Every structure is written in C-alpha cells, then in structure tokens.
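These notes are about the structure you will find just below.
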Amino acid sequence: MKLRFWLLDINDAITEKGAEIHLWGLDDTANHILVVDKSFPPYFYLLLEDKADIKEVVREIEVKKSPDAVIEEDLERKYFGKPVKAVKITCRDPNSIAKNTNSLGKINGVKASLEDDIRYSFRYLIDNDVYPCGWHEIDVDKIEEKSDNKIEEIYVAKSHPRAIQKSSTPSLRILAFSIVCYSPKGSPKPDKNPVVMISTATSNGKTMQFVSEGSNDKKVIESFIEGIQTYDPDIIVGYGSNSFEWPFLLQRSKKLGIKLKVDRQGGEPHTSVYGHVSVTGRINIDFFDLSDEIEEVKIKTLENIAEYLGATKKADEMLIDDMDIPRYWEDNSKQSILSEYSLKKASTILRVGQNLLNFSMQLSYLVGLPPDQIGAAAVGFRTESYLIRQAYKIKELIPHRIERPYFPYKGATVLEPKPGLHGKTAVLDFRSMYPNIMIAKNISPDTYLESGEKNPYLGVYVAPEMGYSFRKSPPGFYNKVLSTLIEARDDIRDKLKNTDPKKTEYRVLDSRQRAVKIITNAVYGYAGWIGARWYVREVAEATAAWGRYTIAHAIDLAEKEGLEVIYGDTDSLFVLFDSEKIDRFIEDVQRDLGLEISANEVYERIFFTEAKKRYAGIFTDGRLDIVGLEVARGDWSEAAKRVQEGILEIILKGKIIQKATSFVRQYILDLREGKIPFSDLIIWKTLTRDVSEYVVKVPHAEAAKRLLREGWEVARGDKIGFVIVKGRGKLHERAVPYSIATYSEIDLAFYEEQQIIPAASRILSIFNVPIESLKP
DNA sequence: GCCACGACGGTACCT
DNA sequence: ACAGGTACCGTCGTGGCG
C-alpha cells in the first residue's frame with residue numbers, strides 16, 4: 001500500500017541482520033506511524049589517484065574488503081569540481097565501514113576515503129531526498145505484530161520515501177515542561193537532591209503538576225512519565241532542558257532505580273549530535289538553543305525572551321530566583337507561590353515554543369536536519385548540512401573535516417564617521433553584497449584556480465589586491481547554491497506581499513524567508529571558517545577583496561554625483577539626503593558594478609561620535625535607532641543605558657544640550673538618593689571560559705568564583721550578573737553576584753563615575769559639555 | 001613604594 | 001566552533017621617580 005506521511009523524527013537501529021532506519025511520522029489522518037526501512041545499506045567512497053588503474057585497484061579491493069562489502073565503480077563523481085575516479089563501497093553493516101575504510105584506504109592507487117564520516121541516518125535523508133518536517137510518500141506493508149511503541153501503525157518499507165509537495169503542517173501535540181529541584185544550598189545535585197515539582201503545559205490548553213510529599217520524589221518522576229505517555233506529545237519543549245532538566249531527570253531516575261521511559265518506544269532520552277537530547281519518536285526542542293537567533297534580547301532568560309515575543313504579560317511579576325527556591329519550598333505558607341510560579345513557567349515555555357516552532361520547522365526543512373538537532377547545531381554546521389545535501393545533488397563528493405592552522409585575512413572596509421549631528425541622511429546598502437559578489441565572480445571552492453594551474457579557455461575572474469583567479473565557467477558550487485537561495489527568498493517575499501499578515505500561511509512563509517536569509521548570509525562566513533569541510537581561504541579572501549573594491553568604487557560614484565558620504569561600513573554608505581542624486585547614484589552603481597544598492601533607511605537626523613560602528617539616529621516616525629553605543633550593549637547597567645538613551649532622545653529631537661545635561665544631573669541625584677532600583681544596577685557579563693582559565697582577575701569571573709564557593713555551578717557560557725559594592729581594593733575584589741548583595745552595600749559612586757558619566761559623556765563630549773557639568 | 005602609561009586580556013558589538 | 005573590524009574597560013607589568 002501507499003502511505004503519505006509527515007516526517008517527525010528519524011533514527012537508526014543496528015541489528016545483527018543489518019541496519020534499519022526508523023521513520024516516525026503522522027499520516028494523512030493524523031495517525032502516528034512508524035515506518036521501518038531495512039533496505040538502505042551504508043556506504044563510503046574510495047578516491048583513486050588520477051593515474052591509478054581502476055581495474056587493478058578494484059582487484060586489490062576484492063582481496064582486502066570485508067565479506068559483506070560490495071564494490072561499485074562510480075565514475076560520475078566530482079571532487080572540488082574535477083571529475084575523479086571513485087569506487088563506492090557498500091556495506092551491510094554500518095560498523096564495517098570503519099574497518100573497510102582503514103584497510104582499503106592503504107591500497108596502492110587509493111588517495112583517500114571519503115564520506116565514511118557521514119552519519120547513517122543523515123546519509124538516508126540525503127540520498128533519498130527526505131526532509132524532516134516535510135511530507136513524503138512511500139510503499140509499505142502493514143506489520144500486525146503488537147509492540148510497546150506508542151503509535152497507531154507500524155509499517156515496513158517496500159520502497160524509499162519520495163518527497164511530495166504539500167505545505168500544510170499536521171496538528172501536533174506539544175508539551176512544555178519545567179522542573180523544580182530542592183537543594184538547601186547551591187545548585188541541585190541529582191545524587192543528593194530531589195525533584196520536588198514538575199509542571200507541564202500542553203497545546204490542548206491543559207496543565208499538569210506533580211509535587212512531591214517531603215523529599216520522596218520517586219512518585220513525581222513516575223507520574224511525569226505517565227503524564228507524558230498519556231498525553232503522548234509529538235513535541236516536547238523546554239527552556240534549558242538539554243542542559244538541565246533532561247540530564248537531571250536522567251541521573252535522578254538512575255539513582256532512584258527508575259527508567260525515564262518518555263520516548264515512543266519505551267526508552268529513555270539520550271544525548272546525541274550537537275549535544276542535543278533526543279527522545280525517540282518525538283521532537284525534543286530546547287528553546288534556549290534558539291534564543292541566540294533573537295539578538296535584540298541581550299540576557300536570554302526565559303522571562304526576557306517571552307516578554308520580547310509577547311508570550312507573557314508581566315515578565316517578572318512573579319519571578320523567583322533560583323537562589324530563593326529553597327526558602328519557598330521549606331516554608332509551607334509559600335509553597336503555593338512556588339507551584340504557581342512553576343506552572344506559569346511551563347505555560348510561558350509553551351507560548352515561547354509555539355511562537356518559535358514555525359521558524360524551527362522551516363529551518364529544519366530547509367537545511368534538512370531533524371528539528372531536534374537544528375536548534376542545537378551551530379551556524380557553521382547548519383550551513384554545512386545544507387551544503388552537503390546540495391553537493392549530493394550535483395554529484396560532488398563531500399570532503400572530510402580536517403584540522404588546520406588559523407591564518408587571519410583582511411576583511412571589510414569601515415569608514416571614519418564625520419562626528420556630530422547631521423540632518424536628513426539616507427543609508428544606502430548593497431543587497432546581499434557577499435552572496436552576490438560570490439555569484440558574480442563565480443567564487444567557489446571548485447572554481448578556484450590554484451597558482452600554477454593554467455588559465456582555462458573560458459577565462460577567469462581575477463580578484464583585486466591578491467589576484468586570486470576563479471574560473472568563469474562552469475557555475476561553481478556556491479554560485480548554484482546562492483543563486484537558488486536568493487531566488488527562493490525573492491519568490492517567498494513575492495508571495496508574502498499577497499498574503500494576509502493575520503493568516504497562519506503568512507507566519508509560515510515569513511519563517512521560511514528568514515530561514516533562507518540566515519543560510520544565504522552564512523555562506524561567506526562558512527567559506528572562511530577553518531572548520532569547514534569546503535574551506536578554501538582564498539574563497540573568503542577574494543570575496544572580501546571584491547567587497548572592498550565595490551565599496552571604494554561606490555564612494556567614488558557617490559562623490560561624483562555630489563553626494564556627501566558621512567559614514568560607511570562593509571556594504572553601506574551613509575549620505576546626506578538628496579533624492580535626485582541618490583536616484584542617479586543607484587543607477588550608476590547598477591551600471592558600473594552590476595550590483596543592486598538601495599536606500600533602506602532614511603534618518604531625519606543622525607549623530608556620530610568619533611568612533612566607528614557607533615551611532616544613533618531618529619527616523620521620520622520618531623523611532624530612535626541606537627547602534628553600537630552602550631544602550632545597544634548587554635554589559636552595561638540599565639542605569640547607564642537609560643541615561644544615555646535619554647540624552648540621545650533629547651538631542652535627536654531638538655538638540656537642547658542644556659536639557660540633556662540637567663537630565664543627567666537629575667538622574668545622578670536620584671541615584672545618590674537611592675531611588676534607582678537594584679535591578680538597574682546589575683551588570684551582566686558572559687563567562688567565556690572556565691573560571692580557572694582566566695589569566696587576569698576580571699570582575700565577573702571573581703563574582704562567579706564566589707558563586708562556586710557557595711555551591712552554585714557556573715559553566716562556560718553562563719551570564720553572570722553582579723554589582724559593585726563599597727570598600728577598598730580593585731574592582732574585581734568588589735564584584736558580588738547580585739543574588740548575594742544587598743542594596744545598602746552597593747557602591748553608588750562607582751555607578752556614577754564608571755557607568756553613568758562615561759555613557760553620558762560619550763555623547764555630550766561631542767558637544768563640548770565638560771564632565772564636571774554633569775555632576776550635581 | 002607609588003604612579004603614569006601602555007600592552008594586553010576580555011567582552012560585545014557591527015556588517 | 002560562520003568571517004574580520006572595532007570600541008572600550010580593567011588588569012598588570014614596567015620604568016621613572018632620588
């Protein structure tokens with residue numbers, strides 16, 4: 001029979017009989033199904049020397065290969081654009097891939113093994129053009145046998161799946177969860193401390209809560225498992241769950257002698273690629289992983305993300321700090337507040353999840369990585385997964401990732417800004433400059449002409465400055481990929497124009513165009529990443545060089561039209577507004593450089609200091625836009641940022657310096673009088689390494705050490721919030737975690753001198769306001 | 001021993 | 001673990017200072 005299904009999750013199972021692929025999905029009628037495909041053998045390639053005698057090498061392979069391996073000559077493959085002699089070795093057992101790679105790789109005439117490092121389940125997706133979060137059709141037989149699997153039907157595949165065009169998403173059951181652990185002091189430890197509460201919120205509008213009696217938490221976990229199995233969610237979402245909830249529950253369960261059977265085949269969650277936690281048959285997503293897509297939010301707490309997305313009403317109305325949890329749990333009269341908080345957290349996670357799910361699924365569908373992996377995968381790996389799938393389509397062999405030394409290269413041009421306040425200003429930027437340069441100059445790993453190679457008949461593009469050459473023809477790998485992506489995005493944006501923004505379809509399309517944009521923009525960075533499989537430094541270097549050439553010529557053209565350029569960075573020029581000159585300039589650029597430039601932003605007024613990458617402007621509609629300055633940073637106190645923003649608003653709206661200075665003075669008076677709330681004095685900084693690895697004593701690392709001493713776990717990547725307290729000594733000796741410090745200890749003079757005054761004078765010094773006049 | 005100064009470590013931003 | 005360019009803070013070593 002034919003089965004149509006939407007792919008939810010894929011995993012492999014290695015048995016004595018060979019390898020199996022398990023495809024978990026939903027069929028047309030929303031039944032949960034499992035298709036077992038036993039007929040996809042793993043394989044790898046042997047790349048032969050150019051001069052090797054293929055017949056002779058094959059004879060040698062016959063002798064040395066494992067008995068289950070099958071040889072197939074594959075003369076169609078290319079490697080870095082060049083046709084190569086390759087032999088495909090197919091094995092019944094995925095475990096024999098490594099053995100064969102080792103023994104066959106040494107054969108005379110074999111240059112290298114390739115694609116032996118592609119995961120078996122990913123291989124299946126690539127070769128069959130199967131897409132997670134997409135619809136497929138497959139020939140299957142129904143299996144009647146009863147099993148523990150939490151699904152309605154099990155099938156065995158009689159063909160491989162074929163992707164079909166159908167854009168709808170089936171209705172999926174989502175479960176959000178969050179746990180509360182009780183540890184009298186410090187971070188909870190699964191071998192000592194119980195899970196006292198687990199709260200869930202589900203997409204059918206219900207919530208569940210499991211609370212322990214005393215510290216016996218066995219029942220809490222057991223009821224949670226039962227709750228999951230009963231609701232049987234397709235998607236489980238958490239916030240920080242890959243690093244906290246799942247590992248804690250797993251270890252705690254082990255300690256208590258129970259199995260955390262929450263997946264769809266009676267098994268436990270397990271850690272998999274990119275450090276994500278995989279729950280077989282379901283999609284497990286930790287939305288903390290996706291929070292760095294939201295750059296506007298600096299401190300990525302659930303509350304901040306939720307507030308930004310409009311997924312909660314009052315963000316910190318009932319926020320309980322981790323450090324205060326024991327006090328709530330220990331006090332019977334306060335326990336209900338804790339359980340209310342925990343439930344609210346689960347509901348907030350659900351709403352955040354529902355908000356970000358479209359985007360996750362679109363990115364997953366585009367890149368071709370399962371939705372539970374896509375959030376945890378770094379940008380480089382997302383880009384690479386996309387490239388790998390495209391490479392297969394054009395029969396390009398996939399290079400290994402190899403370790404290389406790092407050599408930096410020259411990047412973009414940044415112009416010196418003209419300091420001060422300017423009138424109406426247009427920002428002209430090149431549309432996708434790097435991708436379009438790579439297309440126009442056919443810059444790609446497979447078109448690069450090594451020095452010494454003779455020029456091809458059809459000619460080369462020679463990059464400025466270094467003179468690297470790239471074949472004009474045929475179109476390179478990156479050229480094809482980027483052209484497709486740019487076209488796809490244009491198509492989606494056209495559709496968006498004719499779609500009602502209130503419709504679901506609009507949100508899906510918008511998520512899709514965002515996903516396409518992210519991958520398009522990441523290709524240049526990927527090309528210069530030493531970890532990239534297709535790393536060719538000259539590719540990134542030549543692209544950057546053409547970029548510098550382009551912006552330099554654009555400046556010339558602008559000046560020839562009589563435009564005054566006041567700033568520019570990489571692919572943008574800020575010019576004093578003149579409609580006619582700008583129109584002519586845009587045409588000049590198109591004619592001379594073959595690239596599109598357009599005025600995407602017009603400021604009514606704009607302000608620069610002497611520094612690059614820092615400015616503030618006001619749009620015609622009165623909106624402020626503050627770039628690079630302290631207001632835009634997450635590592636300055638709210639107090640300093642508020643003062644700076646206030647000044648910028650006053651200046652951009654009316655340039656009344658007097659008003660700005662008295663605003664600063666008033667704020668400082670309020671500070672001195674203790675009127676500025678505690679939370680506005682917290683400074684947040686990321687711990688970018690293990691606390692022991694710091695060579696100099698820096699405030700946030702010293703604050704982190706204090707947390708460690710008090711039993712709290714801090715890890716690389718954590719944001720540490722601290723305040724500066726009164727006393728003698730260096731700053732780092734006075735940095736105290738905000739959760740430990742009290743208001744009366746705070747050194748308000750520090751905030752005046754080292755936070756507010758610098759942030760304020762950054763702006764006001766341009767108008768010659770002396771620092772002394774800022775102090776009351 | 002104290003101070004000014006510059007190099008350097010460290011973080012976060014911009015495109 | 002996508003790139004390079006940039007600003008800015010705090011720490012720390014160093015040389016001058018009788």
Side-chain angles (χ1 to χ4, degrees), chain A residues 274-275 292 295-296 298-299 376-387 401 403-404 406-417 427 429-435 438 518-535 537 539-545 547-548 551 567-574 600 608-615 625-637 640 683-689 693-702 716-717 719-720 724 729-735 750 753-755 758-759 761-762:
Chain A
Y274 311 121
D292 34 277
E295 284 163 17
E296 293 89 337
K298 305 293 173 186
I299 317 296
V379 177
F381 294 105
R382 291 177 192 169
T383 311
E384 188 154 273
S385 296
Y386 180 78
L387 290 173
R401 187 184 314 287
E403 229 177 294
R404 316 179 153 86
Y406 167 68
F407 292 113
Y409 64 88
K410 197 169 154 197
T413 307
V414 187
L415 305 184
E416 212 64 64
V427 183
D429 26 24
F430 282 96
R431 180 172 171 273
S432 304
M433 187 174 81
Y434 286 160
M438 292 169 103
I518 284 179
I519 301 299
T520 312
N521 290 343
V523 172
Y524 160 73
Y526 172 85
W529 172 41
I530 55 169
R533 288 173 185 266
W534 276 283
Y535 175 75
R537 201 193 71 249
V539 166
E541 224 179 338
T543 307
R548 294 191 294 273
I551 203 74
Y567 180 60
D569 185 349
T570 311
D571 59 355
S572 67
L573 290 179
F574 292 56
N600 287 320
F608 290 99
T609 67
E610 279 168 359
K612 296 171 172 180
K613 298 188 186 277
R614 309 187 124 213
Y615 57 89
D625 185 30
I626 302 172
V627 180
L629 293 160
E630 282 71 7
V631 175
R633 298 178 63 96
D635 59 350
W636 282 76
S637 64
I683 297 166
W684 294 89
K685 275 192 160 68
T686 309
L687 217 52
T688 60
R689 59 203 73 190
E693 291 168 348
Y694 282 88
V695 288
V696 293
K697 294 196 168 187
V698 287
H700 69 299
E702 292 305 299
R716 173 184 313 198
K719 281 253 194 271
I720 308 292
I724 300 298
K730 300 232 187 273
L731 216 53
H732 64 74
E733 295 171 277
R734 301 193 282 127
F750 163 82
E753 297 289 342
Q754 316 293 131
Q755 290 273 314
S761 68
R762 190 98 52 225

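Values below: all heavy atoms of this structure, side chains included; hydrogens, waters and symmetry mates excluded. Quick caveat: nothing in here was measured; it's all calculated off a predicted structure. Chain A is the first sequence line, chain B the second, and so forth, proteins listed ahead of strands; every chain is numbered from 1.
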**Message:** Distance check needed: dT15(B) P versus Lys612(A) NZ, whole Å only.
**Reply:** 13 Å
**Asked** Any ion pair linking Lys612(A) and Asp569(A) (charged N to carboxylate O, less than 4.0 Å)?
**Response** no
**Fill in**
Looking only at dG10(B), dC8(C), dA12(B), the nucleotide nearest the Asp635(A) side chain is dA12(B)
**Request:** Decide if atom CD of Glu295(A) counts as having more than 12 heavy atoms of other residues, nucleotides or ligands within a radius under 6.0 Å.
**Result:** no
**Lys613(A) NZ to dT11(B) P, straight-line distance once rounded to whole Å** = 20 Å
**Message:** I want to verify a distance call: between dC9(C), dG10(B), dG5(C), whose nearest atom is closest to the Arg689(A) side chain?
**Reply:** dG10(B)
**Asked** Contact class for Gln754(A) vs. all strands (heavy atom < 4.0 Å): base, sugar-phosphate, or nothing?
**Response** sugar-phosphate
**Item:** Under-4.0 Å salt bridge between Arg716(A) and Glu693(A)
**Value:** yes
**Prompt:** Of all the nucleotides listed (dC14(B), dA1(C), dA12(B)), which has the minimum atom distance to the side chain of Val627(A)?
**Reply:** dC14(B)
**Prompt:** Within this structure, what is the OH-to-P distance between Tyr434(A) and dC2(C), rounded to whole angstrom?
**Reply:** 18 Å
**Asked** Under 4.0 angstrom, heavy atoms only, what part of the nucleic acid is Gly525(A) near: base, sugar-phosphate, or nothing?
**Response** base
**Message:** For a quick check of understanding: with a heavy-atom distance under 4.0 Å over all strands, which category does Ala540(A) fall into, base, sugar-phosphate or nothing?
**Reply:** nothing
**Item:** Nucleotide dC2(C), atom C1' - distance to OH of Tyr535(A) in whole Å
**Value:** 12 Å
**Fill in**
Per atom distances to the Lys697(A) side chain, the nearest of dG10(C), dC12(C), dC14(B) is dC12(C)
**Message:** Both Asn521(A) and Glu416(A) contact DNA chain C. Taking the nearest nucleotide for each, which residue is further toward the 5' end?
**Reply:** Asn521(A)
**Asked** Is Gly628(A) touching bases, backbone alone, or none of the nucleic acid, heavy atoms closer than 4.0 Å?
**Response** sugar-phosphate
**Message:** Counting only side-chain heavy atoms from C-beta out, which of dC13(B), dG10(B), dT15(B) sits nearest to Val698(A)?
**Reply:** dG10(B)
**Prompt:** Taking atom OG of Ser637(A) and atom CZ of Phe750(A), what is their separation to the nearest 0.5 Å?
**Reply:** 7.5 Å
**Request:** Check every atom of dA12(B), dA1(C), dC13(B) against the side chain of Thr688(A) and return the nucleotide holding the closest atom.
**Result:** dA12(B)
**Item:** Phosphate contact (dG5(C) OP1 or OP2) by Thr413(A) side-chain N/O below 4.0 Å
**Value:** no
**Prompt:** What's the CZ-P distance between Arg382(A) and dC2(C), to the nearest Å?
**Reply:** 9 Å
**Request:** On the 0 to 90° scale, with breaks at 30° and 60°, tag the Tyr694(A)-His700(A) ring pair as parallel, tilted or perpendicular.
**Result:** perpendicular
**Request:** Looking only at side-chain atoms of Val414(A), point me to the closest of dT11(B), dG4(C), dG5(C).
**Result:** dG5(C)
**Request:** Let me know the distance between CZ of Arg537(A) and P of dG4(C), rounded to the nearest Å.
**Result:** 11 Å
**Asked** Choosing from dA3(C), dT11(C), dC13(B), which nucleotide comes nearest the side chain of His732(A)?
**Response** dT11(C)
**Prompt:** What integer distance in Å separates Tyr615(A):OH from dT15(B):C1'?
**Reply:** 9 Å
**Message:** Any side-chain N or O of Tyr386(A) below 4.0 angstrom from OP1/OP2 of dC2(C)?
**Reply:** no
**Prompt:** In terms of side-chain heavy atoms of Lys730(A), which of dG10(B), dT11(C), dT15(B) is nearest?
**Reply:** dT11(C)
**Message:** Applying a 4.0 Å non-hydrogen cut-off, can you work out what Thr383(A) is touching in the nucleic acid: base, sugar-phosphate, or nothing?
**Reply:** nothing
**Prompt:** Base, sugar-phosphate, or nothing: which does Tyr406(A) touch, judged by heavy atoms less than 4.0 Å apart?
**Reply:** sugar-phosphate
**Asked** Per the ring pair (Phe, Tyr, Trp, His ring centres under 6.0 Å) rule, which among Tyr535(A), Trp534(A), Phe381(A) passes with Trp529(A)?
**Response** Phe381(A)
**Message:** If I take atom CD1 in residue Ile683(A) and atom C1' in nucleotide dG10(B), what distance separates them, rounded to the nearest angstrom?
**Reply:** 15 Å
**Request:** Output the single nucleotide from dA3(C), dC13(B), dG10(B) whose closest atom is nearest the side chain of Val695(A).
**Result:** dG10(B)
**Message:** Can you confirm whether Glu610(A) is buried at CD, in the sense that more than 12 heavy atoms of other residues, nucleotides or ligands lie under 6.0 Å from that atom?
**Reply:** no
**Prompt:** OP1 or OP2 of dA12(B) less than 4.0 angstrom from a side-chain nitrogen or oxygen of Lys719(A), does that happen here?
**Reply:** yes
**Prompt:** Between Arg614(A) and dC8(C), is there a side-chain N or O to OP1/OP2 distance below 4.0 Å?
**Reply:** yes
